[in-house]
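Just follow the structure's listing: the first ligand is 1, and inside any ligand the first atom is 1. None of the values given here were measured: they were computed from a predicted structure. In this chain, residues are counted from 1 in sequence order.
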Amino acid sequence: MKKQKSNLPESSVLYLVPTTIGNIDDMTNRAVEVLKKVDYIFAEDTRVTKVLLSHFNIITPLHSYHVFNEKMQTDKIIELLQQGKQIALVSDAGLPGISDPGYFATRRVLDSGFSVIALPGANAALTALVASGLPSNRFYFFGFLSHKKNLKKKELEKIADLEDTIIFYEAPHRLLETLELIHLVLGNREIVIARELTKKHEEYIRGKVKDIIAGIDELKGEIVIIVKGAEISQAQQLLNKKSISEHYQYYLDLGNESMKAIKQVAKDRGVAKNFIYKEIHKNI
Ligand code: SAM
């Protein structure tokens, strides 16, 4: 077990600093202060970050950090932390590590015994979710689906039974294909397309996926797709209200073998098979 107290470390810390997702006013005071005080900033695209830094008169030296050099640059970050330096990591937009570089460095820095402090800030997924009007109490962040149509379909099939709201990031030129696959695999669900969040042309399109496919022209800009989770049938709800052993018995009575019945009960209830197995065997 390792504990990290984050209050005011003076040195050897990696800060994960959110930038904006389009509106410069969403940059927090704390994010600006941290970018000013650290010794170095590692940025996904130094050209993008230079614009941001110059807006806030930040002159901290910049290094690049992107998916193609993250191993080498993480070594450099660790070296700097060993010298007692403070580092900030930023991506082009929103939170580093969310469909952006950041995880690799975070893991290595923690494994090397240094502190990682994340600042809260702009994020496209959560911004879209809370305004979507779809349930936000339980959700599943998928990020980008595969670019390949057959893999994308398989990825959707894997989450077809999920009852939680699902959040996807998508590029505008792949939107139509993705919506058609969502319709094919997940059915005619309620969805929300959140576009150009925090920017001048911000827009939410809410409705059934089939109507949206029919009603939209080519959309431009940055896009989040929020999809309502699977509806569970009334029969399923009744089964889930039974005790675990009654639920298990129901599948045995249908002629299933014990392990198959356990697997089905676990699937219905969204819990591990092991848990159902133990519950059933503790009553025997
Ligand atoms: N790290 C970012 C975050 O915290 O949200 C996400 C970066 S990911 C590379 C970029 C994707 O996020 C875009 O393709 C789009 O799906 C979504 N996105 C980013 N900014 C957005 C915005 N202003 N409006 C809608 N979606 C946005």
>> Which label fits His63 and Phe42: parallel for a plane angle under 30°, tilted from 30 to 60°, or perpendicular past 60°?
In response: tilted

Looking only at protein heavy atoms, which one is nearest to [atom], and what is the separation?
atom: atom 16 (O) of ligand 1; answer: Ile223 O, 2.6 Å
atom: atom 5 (O) of ligand 1; answer: Tyr169 OH, 2.7 Å
atom: atom 25 (C) of ligand 1; answer: Glu222 O, 3.2 Å
atom: atom 2 (C) of ligand 1; answer: Ala93 O, 3.1 Å
atom: atom 26 (N) of ligand 1; answer: Val224 CG2, 3.3 Å

>> For the aromatic rings, using the six-membered ring if either is Trp, is the centroid distance between Phe141 and Tyr169 under 6.0 Å?
In response: yes

> Should we count OH of Tyr277 as having more than 12 external heavy atoms under 6.0 Å?
Replying inline: no

>> I'd like to know whether NZ of Lys149 has more than 12 heavy-atom contacts from other residues, nucleotides or ligands below 6.0 angstrom.
In response: no

Could you tell me whether [X] and ligand 1 have an N or O pair separated by under 3.5 Å?
X: Ala194; value: no
X: Ala124; value: yes
X: Leu197; value: yes
X: Ile98; value: yes
X: Asn123; value: yes
X: Asp100; value: yes
X: Thr198; value: no

Are the side chain of [X] and the backbone N or O of [Y] linked by a donor-acceptor pair below 3.5 Å?
X: Asp39; Y: Lys85; result: no
X: Asp253; Y: Tyr250; result: no
X: Asn256; Y: Tyr251; result: yes
X: Glu163; Y: Glu231; result: no

Counting each atom of ligand 1 from 1 as listed, which ones have a heavy atom of [X] under 4.0 Å away?
X: Ser99; value: 7 (C), 8 (S), 9 (C)
X: Lys199; value: 23 (N)
X: Glu170; value: 16 (O)
X: Leu95; value: 1 (N), 3 (C), 4 (O)
X: Glu196; value: 23 (N), 24 (N), 25 (C)

>> If I compare all heavy atoms of Leu35 with all of Ala88, which pair ends up nearest, and what's the gap?
In response: CD2-CB, 3.7 Å

> So, does Gly22 sit close enough to ligand 1 that a heavy atom of it is under 4.0 Å from the ligand?
Replying inline: no

> Of all the heavy atoms in Phe144, does at least one lie under 4.0 Å from an atom in ligand 1?
Replying inline: yes

> Where on Pro96 is there a heavy atom closer than 4.0 Å to ligand 1, on the side chain, on the backbone, on both, or on neither?
Replying inline: neither

> For ligand 1, which part of Asp92 has a heavy atom less than 4.0 Å away: the side chain, the backbone, both, or neither?
Replying inline: neither

> Could you go step by step and tell me if Ser243 and Tyr248 meet the side chain to side chain donor-acceptor pair (under 3.5 Å) rule?
Replying inline: CA-CA 9 Å; Ser243 71; Tyr248 169 67; over 6 Å; no

>> Looking only at the side chains, is there a donor atom on one of Thr178 and Glu170 sitting less than 3.5 Å from an acceptor on the other?
In response: yes

> Does the side chain of Ser91 pick up a donor-acceptor pair with the side chain of Asp100 at under 3.5 Å?
Replying inline: yes

> Would you say the side chain of Val13 lies within less than 4.5 Å of the side chain of Phe114, judging by non-hydrogen atoms?
Replying inline: no

